[in-house]
Amino acid sequence: MRKTIKGDITTLHVDAIVNAANNSLLGGGGVDGAIHRAAGSGLLDECKELGGCPTGEARITKAYNLPSKFVIHAVGPVWQNGNSNEEELLRLAYKNSLELAQKNNCKSIAFPNISTGAYNFPKRDAAEIAIQTCQQFLDEQNSDMLIIFVCFDEINYMIYKELCPNFNS
Ligand code: AR6
């Protein structure tokens, strides 16, 4: 099942929230900064042990002071010109996050709109990739995982509502 909400991902009581991280996994601005602030310094300490993460991949940690059980740190691509494999790398960031969630028995996962802030990926294209990749995962795995798309900015929220008006099933 999938659903779209508008809000702050750090407040959600789900099994896993996904972070739009960078290759260092050592924090940054945007949703990454919000997650590290809300989780507390234990999260950064655990991230330091991971030794970074290539673009398109994901890593899982505990969630410390956050209400979720896990944080999945996914690294989306920086948008360059559209000819640098950005679409495939964004698809992989979603797919690898879902696979990690499944391996850790997560029944619910919340995604921010990866790469659509500082990394400048066109929002509508990113939403289409996110929705398609998640639906394909649910279908292929015959999974009943709850996938929540958390939109923080109004533009992304309008795009998701338009692409999936009946998004609660
Ligand atoms: N909850 C949910 N979504 C949020 C929140 C929040 N609290 N805060 C921002 N967003 P960005 P990127 C949305 O820039 O483009 C960081 O510095 C925001 O509106 O966080 O993948 C990292 O360290 C946008 O739609 O991530 C990397 O260096 C979405 O989150 C770099 O930014 C993603 O915006 C990653 O860039």
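Order of listing sets the numbers, starting from 1, for every ligand and every atom in it.
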Tabulating one pair per line, provide the atom names and distances (0.1 Å) for every N/O atom of ligand 1 that is less than 3.5 Å from a protein N/O atom.
| residue | atom | partner | partner atom | Å |
| --- | --- | --- | --- | --- |
| ligand 1 | 1 (N) | I9 | N | 3.0 |
| ligand 1 | 7 (N) | D8 | OD1 | 2.9 |
| ligand 1 | 14 (O) | A118 | N | 2.8 |
| ligand 1 | 15 (O) | T116 | N | 3.4 |
| ligand 1 | 15 (O) | G117 | N | 2.8 |
| ligand 1 | 15 (O) | A118 | N | 3.1 |
| ligand 1 | 15 (O) | Y119 | N | 3.0 |
| ligand 1 | 17 (O) | G29 | N | 2.7 |
| ligand 1 | 19 (O) | D153 | OD2 | 2.9 |
| ligand 1 | 20 (O) | V31 | N | 2.9 |
| ligand 1 | 21 (O) | S115 | N | 2.8 |
| ligand 1 | 23 (O) | N22 | ND2 | 2.8 |
| ligand 1 | 23 (O) | D32 | OD2 | 2.7 |
| ligand 1 | 25 (O) | T116 | OG1 | 3.0 |
| ligand 1 | 25 (O) | D153 | OD2 | 3.1 |
| ligand 1 | 25 (O) | N156 | ND2 | 3.3 |
| ligand 1 | 28 (O) | N22 | ND2 | 3.2 |
| ligand 1 | 28 (O) | Y119 | OH | 3.4 |
| ligand 1 | 34 (O) | G117 | N | 3.4 |

Next on the checklist: Let me check something: do I5 and I17 share a hydrophobic cluster, defined by ILVMFWY side-chain heavy atoms less than 4.5 Å apart, either directly or through other members?
Outcome noted: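 Both belong to a single hydrophobic cluster.
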Checklist entry - Taking 4.0 angstrom as the limit, do K107 and D15 come out as a salt bridge? => result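 Looking at K107 and D15, the cut-off is not met.
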Checklist entry - Hey, is E99 close enough to K95 for a salt bridge, meaning N to O under 4.0 Å? => result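 The answer is yes: the pair qualifies as a salt bridge.
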Using a 3.5 Å cut-off and no angle test, enumerate the donor-acceptor pairs between side-chain atoms of residues 24-39 and protein atoms at least two apart in sequence or in another chain.
| residue | atom | partner | partner atom | Å |
| --- | --- | --- | --- | --- |
| S24 | OG | N22 | OD1 | 2.7 |
| S24 | OG | L26 | N | 3.0 |
| D32 | OD1 | N19 | ND2 | 2.7 |
| D32 | OD2 | G28 | N | 3.4 |

Checklist entry - Tell me the ring pair (Phe, Tyr, Trp, His ring centres under 6.0 Å) pairs involving residues 76-106, sequence neighbours left out? => result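 Listed once each, the pairs are W79-F121, Y94-F111.
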Item to check | Results of side chain to side chain contact (heavy atoms under 4.5 Å, CB included) for Q132 - residues two or more places apart only | outcome: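 Once residues adjacent in sequence are excluded, Q132 has no partner under the side chain to side chain contact (heavy atoms under 4.5 Å, CB included) criterion.
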